[in-house]
Amino acid sequence: MGIRFILMVNKQGQTRLAQYYEYLTLEERRALEGEIVRKCLARNEQQCSFVEHRNYKIVYRRYASLFFLVGVDNEENELAILEFIHLLVETMDRHFGNVCELDIMFHLEKAHFMLEEMVMNGCIVETSKTNILAPIQLMDKAS
């Protein structure tokens with residue numbers, strides 16, 4: 001299993017989306033998120049986008065006011081995960097039109113659905129934006 005969790009956090013450190021692919025209790029999740037978010041938000045733009053924390057490798061990227069943080073195994077390729085984060089943002093941009101924090105907050109179920117289409121059990125299974133967005137567009141048509 002490669003990806004352990006995906007977090008979307010704003011500049012104030014508030015978690016806007018959290019998806020875990022391994023079991024952690026609510027207290028463990030809160031503690032982990034707090035530690036990781038503080039560590040990543042404290043870094044400046046000149047530092048690299050990879051951080052080691054506990055038994056995870058954290059790969060993160062900032063887009064506008066949102067930080068996308070992905071916790072992976074130590075064997076995972078960091079550049080591939082950066083590319084995955086970019087694909088996720090491009091997919092959300094295509095659906096929402098320049099995705100922002102409010103899009104995630106008001107359409108949380110769609111953001112989770114996109115992640116579920118892309119990642120299954122911690123493995124990336126879909127990279128085509130068209131295939132990822134097709135079920136969401138069908139749901140939009142039906143409603």
Distance-only criterion, 3.5 Å: show the donor-acceptor pairs between side-chain atoms of residues 106-120 and protein atoms not counting sequence neighbours.
unit_1, atom_1, unit_2, atom_2, d
Lys110, NZ, Asp140, OD1, 2.9
His112, ND1, Gln19, OE1, 2.8

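- For Thr15, the side-chain hydrogen bond (donor to acceptor under 3.5 Å, both in side chains) test picks out Glu33, with sequence neighbours left out.
- In terms of modelled atom types and a separation under 3.5 Å, the side chain of Arg61 and the main chain of Tyr63 share no donor-acceptor contact.
- Remark: the backbone N or O of Phe50 is not paired with any side-chain donor or acceptor of Lys57 at under 3.5 angstrom.
- Not counting sequence neighbours, Phe84 has no partner by the ring-ring contact (aromatic ring centres under 6.0 Å, His included) test.
- Annotation: side-chain hydrogen bond (donor to acceptor under 3.5 Å, both in side chains) contacts of Thr25 (sequence neighbours excluded): Glu28.
- Residues Leu79 and Ile85 share a single hydrophobic cluster, defined by chaining ILVMFWY side chains whose heavy atoms lie under 4.5 Å apart.
- In this structure, OG in Ser49 is found 12.0 Å from CZ in Arg62, a value given to the nearest 0.5 Å.
- Shown here are the side chain to side chain contact (heavy atoms under 4.5 Å, CB included) partners of Gln47, two or more places apart in sequence or in another chain: Arg43, Asn44.
- Cluster note: Leu138 groups with no other residue, as no ILVMFWY side-chain heavy atom lies under 4.5 Å from it.
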**Request:** Verify side-chain contact (heavy atoms from CB on, under 4.5 Å) between Ile3 and Ile6, making sure each step is shown before the conclusion.
**Result:** CA-CA 8 Å; Ile3 297 176; Ile6 299 171; 3.9 Å; yes

**Stepwise side-chain contact (heavy atoms from CB on, under 4.5 Å) check, Tyr21 with Arg4** = CA-CA 5 Å; Tyr21 299 100; Arg4 299 297 182 161; 5.8 Å; no

Would you tabulate the side-chain donor-acceptor contacts of residues 89-102 under 3.5 Å, counting partners in other chains and residues two or more places apart, or write 'none'?
unit_1, atom_1, unit_2, atom_2, d
Glu90, OE1, Lys129, NZ, 3.1
Glu90, OE2, His86, NE2, 3.0
Thr91, OG1, Leu87, O, 2.7
Asp93, OD1, Val99, N, 2.7
Glu101, OE2, Asn10, ND2, 2.9
Glu101, OE2, Arg16, NE, 2.7
Glu101, OE2, Arg16, NH2, 3.0

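- Judged as a salt bridge (Lys or Arg N to Asp or Glu O under 4.0 Å), not a single pair has a partner in residues 118-128 (not counting sequence neighbours).
- For Asn55, the side chain to side chain contact (heavy atoms under 4.5 Å, CB included) test picks out no residue, with sequence neighbours left out.
- Scored by the salt bridge (charged side-chain N to carboxylate O under 4.0 Å, His left out) test, Arg54 finds Glu35 as partners (sequence neighbours excluded).
- Of all heavy-atom pairs spanning Ile104 and Leu66, the tightest one is CG1-CD1, 3.9 Å.
- The hydrophobic cluster around Tyr60 extends to Phe5, Leu7, Val9, Tyr20, Leu24, Leu32, Ile36, Val37, Leu41, Val51, Tyr56, Ile58, Phe67, Leu69, counting ILVMFWY residues whose side-chain heavy atoms fall within less than 4.5 Å of a member.
- Residues passing the side-chain hydrogen bond (donor to acceptor under 3.5 Å, both in side chains) test with Lys11: none are found, sequence neighbours excluded.
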